[in-house]
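Just so it is clear: chains get the letters A, B, ... in the order the sequence lines come, proteins before strands, and each one is counted from 1.
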There are 2 protein chains.
Amino acid sequence: MTSTSHTPRRPSAAAGRVDQAQMRAANMALILRHLRAHGGRSRARLAAETGLSKATMSSLISDLAERGLVREGQLHRAGTVGRPGLTVELDGRRVCGLGIEINVDYVALAAVDLSGTVIRESSTPVDVPRLPVDAVLDRVATLVNRMLDSIREAGLIVAGLTVSPPGVIDYAAGSVRFAPNLGWRNVPIVAELADRIGPDVPPIHLENDAKLGAVAEYAAWAPEGVSDLLYLSGDVGVGAGIIAEGRLIRGWSGFSGEVGHLPLDPEGRQCGCGRTGCWETIVGLSALLRLAAPEDDEVQDPTRPLEDRLHTLHTRADAGDERTLAALRQITDDLARGLSVLVDVLNPEVIVLGGYFAFFGDYLLEPLGAALAERRMDEGSGARLVVSRLGISSTARGGAIVALEDVFDNPTLIDTH
Amino acid sequence: MTSTSHTPRRPSAAAGRVDQAQMRAANMALILRHLRAHGGRSRARLAAETGLSKATMSSLISDLAERGLVREGQLHRAGTVGRPGLTVELDGRRVCGLGIEINVDYVALAAVDLSGTVIRESSTPVDVPRLPVDAVLDRVATLVNRMLDSIREAGLIVAGLTVSPPGVIDYAAGSVRFAPNLGWRNVPIVAELADRIGPDVPPIHLENDAKLGAVAEYAAWAPEGVSDLLYLSGDVGVGAGIIAEGRLIRGWSGFSGEVGHLPLDPEGRQCGCGRTGCWETIVGLSALLRLAAPEDDEVQDPTRPLEDRLHTLHTRADAGDERTLAALRQITDDLARGLSVLVDVLNPEVIVLGGYFAFFGDYLLEPLGAALAERRMDEGSGARLVVSRLGISSTARGGAIVALEDVFDNPTLIDTH
DNA sequence: CAAACTTAGTTAGGACACTGGCCGAACGAA
DNA sequence: TTCGTTCGGCCAGTGTCCTAACTAAGTTTG
């Protein structure tokens, strides 16, 4: 259990073998997922809905209860007649996952328990680019250890950690290949953190922010039956997370959804990546600020907190400031062009806008939706466009969920009390 | 077994339940896939490689052999000492799948057996747009019935059919929603064909051509460990098929990979779809012909067979004709722009060019590869660019493979001899 | 040339997971 | 109070995979 796992899962022959233990684990997993998707219900109803027999259901539920993953709730009157059942529901008091977002000027942590409740959350200002890598890792490890202690004191097991650095990840090596905004290059973050976290290191996963955003949003949409979702994170950089048929699509080497550098700007501005015409040069945060205000305007002052600056812009838009509104219109147009590409390629059912796009959702959503609808080739090809409700914490939250996913895949990973 | 299944598989709670029969079926499926991916080998080696015990392997193999899915081959000397093992390999003499491509001017059929061998192939000229829908369906059914009879006479079971119309599909209804080049609208093709094929109708699947091309190509690449592949079909229309982590990505309603209408033409030509600037207006077959020759040139003569016209163009290019070469260069540039979008979004390991792109592979491949490599953000983000070797039959072949996939998913669908 | 060794495949016994039927418990309705 | 319904537990039965021992068929060694 102290092994660090950071490689993306690949289909492999050995993994496919099924024996009785795995059969039982798979059925236990089925019950957990069913409870997560549809909420608490009686054993009898679970049996009917999953197709398992009542006897098996009783056995599996008592097994899950011994592991502290489910608990019995109140009596529940299903119909009008007959003996009422005892509600079985996910028990959040035993297991949680922990997500760690390392960003340019802060480190955010979020712990989510098995029932999906955020039980711990923290955000700590850290000037990452100015500090040596070692110092940052020490700082992160301290924050993580503190939270681990607090969680464990409360009697919970941490099923896993997910670290999310803002940059290009080498999954196989468990390292950050390149994080321009941090000034990091080839940092073996998984091994370094594992060394600094002790003595019991939960498995450490590594994933990028847009993918984790997609996971966090998908957790909210899955109960409604959505299985194809696209998450678009709007920050200085722009990235997408893709969920297809309920699974996170990572691509061959984890670079799926790198949409910030799609060549979509006909005027071909210079991008930080060295190429020209990248999408994020026209819809990224810098583009909004540049379009909405002159260089010496307060919203372009990097010493002011970003949230305040966005708030200022939003207030101006609300007051009818023409330049701000024009900037938002421009962003909308350019966003629509890129989104229409993503819709054509991926055909998602739901598109979730995150980051600063979410902040300006009231201005972007409607015209964007109209622009997309206009391009619709056919009923069914259009997507529902919504705004993230998770805010800044979506990355850390998604990380926690990814870590928990291991338990939902195989509940027997958690030992009996 | 006579039910027609055409809906895309969706994750569902009931499907997840595992019992002992499914455990055995899953292990049998594992063996079949392992044999398909790695070729014939002894029971002992299969046991070691899959993780199953030798005893279980013996039992499963004899079960599979009774169903006619595997057979014993020659003695195979693994090491130097010890008893030599008997090779177990896929047996193609019992089961096959049948793919049916309905195109504008022909209907192509391909039957592929369990071992991946194409055992029947046919292509029949049919002037689909000129004929009433009923007449076309009658004609298709006749062709299918004839091939079914021939296959069944040879003692094979047809595990399933896959029909591929060139148009927008309604999976849920099993119908062709709109096929502009055929003049079809709302044709319930699955039900109509099921009625006309008798008396034993295998399950009928429905899938579009680019997706089937991807499936057919993936079948060739999977043994090399590729699990993320993009297939790009180049015809008058342009479409993509996406394989991610070994699975065909259909999108929410089956419209994934509709890349022909990506807004990538800065000059914004009018497209048949009603919008402007669609990718296929600059890289589709019509664009090549328009760029390479004047309107009254023989290559633009629709009465000549397409293959001849392409051949003419290729000969001209070989002879150094400047206009043809310039056209190919232009196509290359525009193709690269779109492909780079797809690479950024999907991060495939392999990109397979099909259709007319494959025909001009010797001119397109190298400059395209260079253009993509130039845009590479990082090692690992680049994709291998190759040309399809399957040619025109890839759609029908992919259809046959899709039908066979049911057997690879659950070998117990095939009864004992 | 025969005994020892090595590897392949089969057989027997055991552990274990799901099923199905039966039973008591708990409740509403008559 | 009695009947019918539903919930959940219990137990025997079936079937799967696993381990271990065994037979089979070669090679190597003395």
>> Can you give me the closest heavy-atom contact between B:Pro202 and B:Asp200, atom names plus distance?
In response: CD-O, 3.3 Å

>> Testing the basics here: between B:Met57 and B:Ile31, what is the closest heavy-atom pair and its distance to 0.1 Å?
In response: SD-CD1, 3.5 Å

Whole angstrom value for the distance that separates [atom2] of [N] from [atom1] of [X]:
| X | N | atom1 | atom2 | value |
| --- | --- | --- | --- | --- |
| A:Ile61 | C:dA17 | CD1 | P | 16 Å |
| A:Glu49 | D:dC7 | CD | P | 11 Å |
| A:Asp63 | C:dC16 | CG | P | 13 Å |
| A:Gln22 | C:dC16 | CD | C1' | 14 Å |
| B:Met57 | D:dT16 | CE | C1' | 14 Å |
| A:Asn27 | C:dC18 | CG | C1' | 8 Å |
| B:Leu60 | D:dC18 | CG | P | 9 Å |

> Would B:Glu72 and B:Arg43 pass as an ion pair if we require N to O under 4.0 Å?
Replying inline: yes

> Does B:Arg33 have any salt bridge (Lys or Arg N to Asp or Glu O under 4.0 Å) partners at least two apart in sequence or in another chain, and if so, which?
Replying inline: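 For B:Arg33, the residues satisfying salt bridge (Lys or Arg N to Asp or Glu O under 4.0 Å) (neighbours in sequence not counted) are B:Glu405, B:Asp409.
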
List every contact pair, protein side and nucleotides 8-15 of chain D side both N or O, where the distance is under 3.5 Å.
residue : atom : partner : partner atom : Å
D:dG8   : OP1  : A:Leu86 : N            : 2.5
D:dG8   : OP1  : A:Leu86 : O            : 3.4
D:dG8   : OP2  : A:Arg43 : N            : 3.1
D:dG8   : OP2  : A:Ala44 : N            : 2.9
D:dG8   : N7   : A:Lys54 : NZ           : 2.9
D:dG8   : O6   : A:Lys54 : NZ           : 3.1
D:dG9   : OP2  : A:Ser58 : OG           : 2.3
D:dG15  : N2   : A:Gln20 : OE1          : 3.0
D:dG15  : N2   : B:Gln20 : OE1          : 2.6
D:dG15  : N3   : B:Gln20 : OE1          : 2.7

> Picking from D:dC18, D:dT16, C:dC18, which would you name as closest to the side chain of B:Met23?
Replying inline: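 Nucleotide nearest to B:Met23's side chain: D:dT16.
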
> Is the distance from OP1 or OP2 of D:dC17 to the nearest side-chain N or O of B:Thr56 less than 4.0 Å?
Replying inline: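 Checking D:dC17 against B:Thr56, no side-chain N or O comes under 4.0 Å of OP1 or OP2.
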
> Does a side-chain N or O from B:Arg17 land closer than 4.0 Å to OP1 or OP2 of C:dA17, or not?
Replying inline: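 No, because none of the side-chain N or O atoms of B:Arg17 sits under 4.0 Å from OP1 or OP2 of C:dA17.
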
> Can you name the side chain to side chain contact (heavy atoms under 4.5 Å, CB included) partners of B:Ser62, sequence neighbours left out?
Replying inline: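 Side chain to side chain contact (heavy atoms under 4.5 Å, CB included) list for B:Ser62, sorted by chain: empty.
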
> Between A:Arg24 and A:Ser59, do the side chains contain an N or O donor and an N or O acceptor separated by less than 3.5 Å?
Replying inline: yes

